Colleague: 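Handing you this structure, nothing more for now.
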Amino acid sequence: MARLSVFTSGNGSNFQAIAERILKTKHTIPCMICDRKKAYSFERAKNLAINSYYVPYFKRTKESAEEEIIKIIEKEKIDIIALAGYMRILSPDFVEKYKNRIVNIHPALLPKYPGTHAIEKSYASGDMELGVTIHYVDSGMDTGPIIKQESFTRNPCEPIEEIEKKIHNLEYATYPEVIEKLLDSYK
Ligand code: GAR
């Protein structure tokens, strides 16, 4: 049985999809960590009966925020960290400490369109193949070895709202499964 922590910054729909799958397995999610006080992911954590922690970066150094996160990770004996819409770049020290134990999902086919507004950027590019990427985290922005990519061919008439829906549904179908495999292989 492995212990997962999910890091979020906002809506938390991927966190929800992950939790709905993982909570049915032998693995556990002792906590969710979020850097934004008003994030909807706190509401989701409450409904899922998952402990949550607010760790702000506001008016402090990244080092100090990460020290607080590390204390939580140690206290909760976390094995694997899944970033799910967590809009922070982790420091090289943090990433090194949890090497090969942190994963992320990005709503584009990396290395294309890293960073924010990836769906808008993919949409505007005119690329016919759109999709999502799950990768190990290093200290770059949406870099690190790719674990899995899933894609679909767009219909040129589709509006961005439809594309957005498809990409999110692909995330919910792919990320929880990859995380479960990772947890299975961990313990
Ligand atoms: C997701 O689409 C995720 O892939 C993206 O943020 C969204 C969070 O939604 N992450 C990135 O863009 C990382 N660079 P959610 O809070 O509803 O899961």
Side-chain angles (χ1 to χ4, degrees), residues 4-23 29 31-48 50 52-57 62 65-66 69 80-92 94-95 98 102-125 127 129-152 154 158-180 182:
L4 174 75
S5 180
V6 183
F7 289 15
T8 69
S9 292
N11 179 17
S13 63
N14 277 282
F15 161 53
Q16 172 112 26
I18 294 163
E20 280 170 5
R21 176 156 182 152
I22 300 304
L23 294 180
I29 308 179
C31 66
M32 183 279 281
I33 294 178
C34 181
D35 64 322
R36 296 215 183 122
K37 201 175 187 172
K38 294 188 174 155
Y40 187 64
S41 55
F42 283 113
E43 199 60 34
R44 294 185 192 269
K46 206 168 114 192
N47 294 335
L48 290 157
I50 293 174
S52 58
Y53 293 89
Y54 167 50
V55 182
Y57 282 64
K62 182 186 278 196
E66 287 186 351
I69 293 173
I80 300 287
I81 296 168
L83 309 186
Y86 189 63
M87 296 309 196
R88 298 278 170 187
I89 307 282
L90 297 164
S91 72
F94 188 94
V95 170
Y98 300 106
I102 315 174
V103 291
N104 181 42
I105 182 142
H106 187 70
L109 294 172
L110 291 171
K112 284 182 167 181
Y113 321 119
T116 56
H117 307 296
I119 298 180
E120 288 91 329
K121 287 178 197 158
S122 309
Y123 182 80
S125 72
D127 290 355
E129 208 61 17
L130 304 178
V132 305
T133 305
I134 295 154
H135 63 96
Y136 287 106
V137 171
D138 62 14
S139 54
M141 167 134 47
D142 298 316
T143 50
I146 290 174
I147 302 171
K148 189 166 191 173
Q149 291 189 304
E150 286 288 344
S151 68
F152 61 92
R154 88 202 272 176
E158 265 171 332
I160 188 159
E161 294 77 15
E162 281 305 310
I163 297 281
E164 213 165 346
K165 238 186 258 170
K166 276 193 185 170
I167 289 183
H168 288 312
N169 285 334
L170 204 53
E171 292 188 310
Y172 310 149
T174 314
Y175 202 21
E177 190 187 337
V178 169
I179 291 172
E180 187 180 346
L182 207 67

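Both ligands and their constituent atoms are indexed starting at 1 by order of listing. Being a predicted model, the structure only gives us computed values, none of them experimental. Only heavy atoms go into these numbers, but all of them, side chains included; no hydrogens, no water, no symmetry mates.
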Colleague: Could you work out, with salt bridge (charged side-chain N to carboxylate O under 4.0 Å, His left out) as the rule, every residue matching Glu66, not counting sequence neighbours?
Modeller: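 Counting only residues at least two positions away or on another chain, Glu66 forms no salt bridge (charged side-chain N to carboxylate O under 4.0 Å, His left out).
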Colleague: I'd like the residue list for ligand 1, meaning every protein residue with a non-hydrogen atom under 4.0 Å from the ligand.
Modeller: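 Close residues (ligand 1, cut-off 4.0 Å): Asn11, Gly12, Ser13, Asn14, Gly85, Met87, Ile105, His106, Pro107, Gly115, Asp142, His168, Glu171.
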Colleague: Taking all non-hydrogen atoms of both residues into account, name the closest pair between Leu170 and Thr174 and its distance.
Modeller: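 Answer, listing the atom of Leu170 first, then Thr174: O-OG1, 2.6 Å.
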Colleague: Grab the two heavy atoms, one from Ile89 and one from Ser139, that are nearest each other, plus how far apart they are.
Modeller: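 What the structure gives for the nearest pair is CG2-O, 3.3 Å.
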Colleague: Measure the OH-CD1 distance between Tyr172 and Ile105 for me, rounded to the nearest 0.5 Å.
Modeller: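 Interatomic distance, Tyr172 OH to Ile105 CD1, rounded to 0.5 Å: 9.5 Å.
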Colleague: Quick check for you: to the nearest 0.5 Å, what is the distance between Met32 atom CE and Gln16 atom CD?
Modeller: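 Met32 CE to Gln16 CD: 11.0 Å, rounded to 0.5 Å.
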Colleague: Work out which heavy atom in Arg36 is nearest to a heavy atom in Phe42; give both atom names and the distance.
Modeller: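 Scanning both residues, the minimum pair turns out to be O-CE1, 3.1 Å.
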